Amino acid sequence: MIRIAIFLLVILSTIPTHGHPREESKLVILNQQIEEHPEQQDLYIKRGAVFSHLGKYKQALADFTFAKTLGNSNLVMFELGVMQYQQQQFSKSMLSFDSYLKLFPNHVPSLEYKARIYRDLGDYSAALEGFSNFLKLNPYNNPGHYLRVAELIIQMDLGINAALQIIDQGINNLGKIPQLQNFAIELELKQKQFDRAIERHKTLAPAEHPKWQLRMAELLMAAGSKEQAKTYITSAKHKLNSSKKTPANLQLVMQSDLLESELDN
Amino acid sequence: MTKKTLSVFISVIIFSLTIGGCANINQQSTGEQIQYNQIGITKNAEKPERLFLQQLSSNSVIVKWRGAGEQACITKSAMDLKTQAHCIQATNSDSNHKEAHFTHLPAETNYNYSIGGFSDPEMVLHTAPIVGQQPEDENVHIWIIGDSGTATYQRSDGTFHHAGKAQAVMNGFLQYNASNGNEPLDLMLLLGDNAYENGTDDEWQVAFFNLYTDLISQTVVWPTIGNHEMGGANIMGPIHGLKLYAGASTSNDPDSYISTANQTPHRIPYLDIFSLPAKAELGGVPSGTEQYYSFNYSNVHIISLDSQLSTRDDIQRRAMREWLIADLSANTQDWTIVIFHHPPYTKGSHDSDVNPASYYGFDLPIVHIRWEFTSIFEDYGVDLVYSGHSHAYERSFYLNGHRSDADTFEATKHAELNADGTPAIGYGDESYSQISTGSKLDDKVVYTVAGSSGYVSLGKGKLDHPAHIIQKHDSEQRHGLAELGSVVLDVGSKKLKARFINEKGQVLDTVIINR
């Protein structure tokens with residue numbers, strides 16, 4: 001009886017009124033589907049999420065509550081956690097994401113939200129630890145995982161060194177790959193740690209091709225080592241003479257000329 | 001007959017005269033010297049259910065299998081398998097595979113090998129030429145197939161769509177090959193969708209390992225991820241409601257793979273099946289992920305990009321782009337080939353124009369590749385790009401700078417031109433030169449869609465993308481061929497030649513690039 005009542009209440013409140021046409025058209029489809037398949041849990045989860053996006057939290061909560069009765073209740077928890085976060089119910093939100101992570105330990109959005117909650121509560125070390133643990137526990141991280149976490153850390157103002165720590169974790173696991181090392185170099189340069197940037201650049205293999213050499217020259221110039229920079233520029237120009245005539249190499253020739261004239265000035 | 005073909009032929013003859021012996025385990029392998037002191041054949045040994053070669057280089061190879069057998073042995077002749085062999089105990093890898101990684105091998109050398117004491121005439125391998133050098137036969141012979149996985153493509157009533165078509169394509173290639181010197185393959189490149197409909201391990205077994213058994217036991221395989229490798233996705237639709245559609249995943253996470261058989265998210269089977277070089281084991285720049293990688297073979301640099309997963313997330317796409325630039329910057333090989341599943345230019349069963357491609361979110365990679373990667377290919381001297389996904393054959397002019405929809409293509413701006421101002425078609429007098437005669441730079445690429453190795457389908461497509469050449473063998477003179485087929489690529493020092501071969505072994509299209 002309670003189920004039917006909740007069901008009717010939700011149906012009555014789903015008449016679209018204003019704004020969000022795409023979300024509202026989703027509601028129309030979902031309403032129809034729920035009519036045809038009233039026992040299907042994921043339909044209520046999806047509709048609850050739409051209500052949540054529209055700010056209709058009572059209806060969303062009704063759907064999430066009902067969905068919990070139709071299957072594994074933890075499946076509801078991510079969308080519920082998102083809604084609770086939007087309502088700044090941080091403790092409840094945290095518990096919801098933890099429940100969802102029991103089912104899907106690698107669910108990055110849940111970990112991101114948890115990090116946001118820690119940050120919003122001022123517990124920055126907990127935020128970082130959560131990310132770090134996720135990356136350590138996941139055996140199949142790709143470069144993008146580490147970059148995403150590092151960028152989030154920067155966005156959340158948790159510190160460049162914290163971001164570098166994550167990148168170095170990635171380098172330890174995946175190798176000295178350009179996707180991570182170049183990002184780390186940019187972070188080192190932001191902190192004017194030129195020597196560290198240069199050491200990182202040296203680890204990128206294979207070394208000594210013109211692009212690598214010119215980048216080294218730029219870093220050395222930033223560090224004030226003009227003579228060393230000049231050596232790399234000269235070597236790069238020499239190699240470019242016999243390299244393939246591609247637009248990229250042409251660009252490198254122009255770059256080498258520019259760097260040379262900067263040095264001369 | 002080339003030296004390599006003759007060696008293989010003799011090995012097969014000798015093998016067929018041998019009788020099984022007894023296994024003797026007393027293995028030694030010291031540094032550069034390989035010592036042969038085991039016996040590689042056992043009477044009544046079982047054939048592995050799955051056997052293929054990975055990461056073959058001039059001095060190493062991974063023999064990978066599933067099934068009986070805990071060690072692999074190699075020798076320079078089949079007779080030696082009976083008397084002496086170099087054997088390695090297998091290491092276990094994902095999904096019950098086993099791997100034996102042989103190293104310190106000499107370049108361009110034929111080997112017979114056994115698994116768990118089992119061997120047959122097809123179990124031969126030929127190590128690669130030294131990187132940067134021409135092979136002894138002066139040709140790198142490559143077979144390329146796209147969307148071939150139809151042996152497992154079932155209707156809801158249990159009958160099979162497209163039964164026998166992938167087999168027919170292979171037969172066509174073998175017939176063509178036999179009539180043209182019967183040169184053994186050096187490489188086999190897969191363009192994705194090689195196991196319908198969900199890329200499950202079982203589907204890979206039937207649609208790939210059972211079909212190409214002989215070829216892949218002696219030719220190294222290099223794959224790329226297609227949309228059907230990534231299983232399916234539950235999609236809400238107005239007619240069918242919530243339904244799992246195979247090949248419709250828009251996730252960037254390889255651990256979110258689901259299929260009709262198992263809707264609990266788990267790791268994409270493709271990454272468990274293949275052992276791919278994430279650490280530049282065969283040259284190139286390390287990528288840190290098996291989702292995209294590169295390697296060198298002889299004088300060719302080959303890159304496999306991940307258009308299915310990595311392009312669907314801004315950060316991962318940017319990371320892949322960054323790696324690609326680093327890899328191409330460091331590349332010094334004569335020729336560069338890139339493979340990935342989603343074609344940047346197509347009007348076959350998929351449409352590369354922005355609106356249809358992005359409306360159906362699962363085709364968004366097509367647009368991202370065109371907007372963000374084609375300029376890199378053209379700036380960094382890539383020669384050929386191969387994709388599948390659209391189930392037809394389309395082959396472009398020698399292109400540069402075409403980033404928007406099909407109706408913005410202008411041959412005078414975007415293609416290599418003949419002296420009379422018409423776009424060059426890539427063969428005969430209009431063969432291409434690696435250094436473009438127009439720009440005097442190596443800045444143009446031939447883009448080929450080769451997604452008809454398992455079936456042909458155009459859907460609403462009309463094969464009318466103007467960036468592709470009009471195919472003279474098409475009865476309707478369209479910009480493509482609605483024909484089953486595959487691509488054979490021959491790469492020499494000064495010339496590469498790519499041919500589209502139909503299921504009858506006929507050559508329907510050719511493109512030549514000279515350097």
Side-chain angles (χ1 to χ4, degrees), chain A residues 25-26 28-30 32-34 36-37 40 42-43 46 103-108 138-152 170-171 173-183 204-212 215 239 242-252, chain B residues 234 236-238 241-242 252-256 264-265 267 271 278-280 283-292 306 309-310 313-332 334 336 375-376 378-382 400 434-436 439-443 515:
Chain A
S25 63
K26 278 187 197 171
V28 171
I29 294 174
L30 283 164
Q32 192 185 332
Q33 296 309 314
I34 286 173
E36 292 169 11
H37 304 281
Q40 207 163 318
D42 51 271
L43 294 175
K46 283 182 189 320
L103 277 184
F104 304 110
N106 296 339
H107 191 242
V108 172
N138 188 358
Y140 298 121
N141 289 319
N142 67 37
H145 287 130
Y146 294 97
L147 287 169
R148 173 171 299 284
V149 170
E151 289 197 358
L152 272 171
I171 288 172
N173 285 345
L174 304 182
K176 298 176 179 69
I177 58 176
Q179 305 96 303
L180 297 182
Q181 200 65 298
N182 284 336
F183 186 80
L204 288 171
E208 308 299 335
H209 56 84
K211 191 175 175 79
W212 183 92
R215 182 60 173 144
K239 286 190 180 166
S242 54
S243 293
K244 274 192 194 179
K245 299 276 178 282
T246 62
N249 283 342
L250 211 63
Q251 196 67 30
L252 289 177
Chain B
N234 281 307
M236 176 68 68
L242 196 69
N252 61 69
D253 180 4
D255 293 317
S256 69
T264 302
R267 184 161 152 94
L271 289 176
K279 298 179 181 174
V285 166
S287 65
T289 174
E290 290 181 277
Q291 288 170 233
Y292 48 90
D306 169 21
L309 292 159
S310 297
D313 172 84
D314 289 348
I315 291 177
Q316 290 195 37
R317 191 169 69 246
R318 195 179 76 218
M320 185 167 70
R321 215 167 52 231
E322 174 141 18
W323 169 80
L324 176 65
I325 289 171
D327 185 79
L328 288 170
S329 297
N331 173 35
T332 56
D334 293 340
T336 309
S375 57
I376 299 173
E378 292 152 18
D379 284 348
Y380 285 84
V382 169
N400 176 288
Q434 194 177 57
I435 301 294
S436 161
S439 62
K440 311 288 182 237
L441 291 173
D442 180 0
D443 66 349
R515 62 182 290 271

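Naming convention: chains lettered A, B, ... in sequence-line order (proteins, then strands); numbering from 1 in each chain. Keep in mind the model is a prediction, meaning the values are calculated, not measured.
Contact annotation for A:Q251: neither backbone nor side-chain heavy atoms come within less than 4.5 Å of a heavy atom of chain B. Interface remark: A:L250 contributes side-chain atoms only to the contact with chain B (heavy atom separation under 4.5 Å). Using a 4.5 Å cut-off between heavy atoms, B:R321 does not touch chain A at all. Using a 4.5 Å cut-off between heavy atoms, B:E378 touches chain A through its backbone atoms (N, CA, C, O) alone. Residue B:D334 touches chain A through its backbone alone, counting heavy-atom pairs closer than 4.5 Å. Heavy atoms of B:R267 lying under 4.5 Å from chain A belong exclusively to its side chain.
Counting only heavy atoms from C-beta outward, the side chains of B:T336 and A:K244 approach each other to under 4.5 Å. No side-chain heavy atom of B:N331 sits less than 4.5 Å from a side-chain heavy atom of A:H209.
Annotation: the span from A:H145 atom NE2 to B:D313 atom CG amounts to 8.5 Å, rounded to 0.5 Å. B:I325 CD1 to A:N182 CG: the interatomic distance, rounded to the nearest 0.5 Å, is 10.0 Å. B:D253 contributes atom CG, which lies 11.5 Å from atom CZ of A:F104 (distance to the nearest 0.5 angstrom).
Between A:P247 and B:D442 the shortest heavy-atom distance is CD-O, 3.6 Å. Minimum interatomic distance between A:L147 and B:A319 (heavy atoms only, all atoms of both residues): CD1-CB, 3.6 Å. B:P286 and A:I177 make their closest contact through O-CG2, 3.4 Å (heavy atoms, listed as atom of the first residue, atom of the second, distance). Scanning all heavy atoms of the two residues, the minimum distance from B:A326 to A:P178 falls at CB-CG, 3.7 Å.
Take B:Y292 and apply the ring pair (Phe, Tyr, Trp, His ring centres under 6.0 Å) test, not counting sequence neighbours, and it matches B:W323. Residues satisfying the side chain to side chain donor-acceptor pair (under 3.5 Å) test with B:S439, not counting sequence neighbours, are B:S436, B:D443.
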* Tell me, with the steps shown, if A:L174 and B:K279 meet side chain to side chain contact (heavy atoms under 4.5 Å, CB included). => CA-CA 8 Å; A:L174 304 182; B:K279 298 179 181 174; over 6 Å; no
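In this structure, the side chain of A:Q179 engages the main chain of B:S287 through a donor-acceptor pair within 3.5 Å.
Heavy-atom pairs under 4.5 Å with chain A were tallied for B:I435, B:D255, B:D327; the largest tally goes to B:D255.
Within 6.0 Å of the NZ atom in A:K245, the count of heavy atoms belonging to other residues, nucleotides or ligands exceeds 12.
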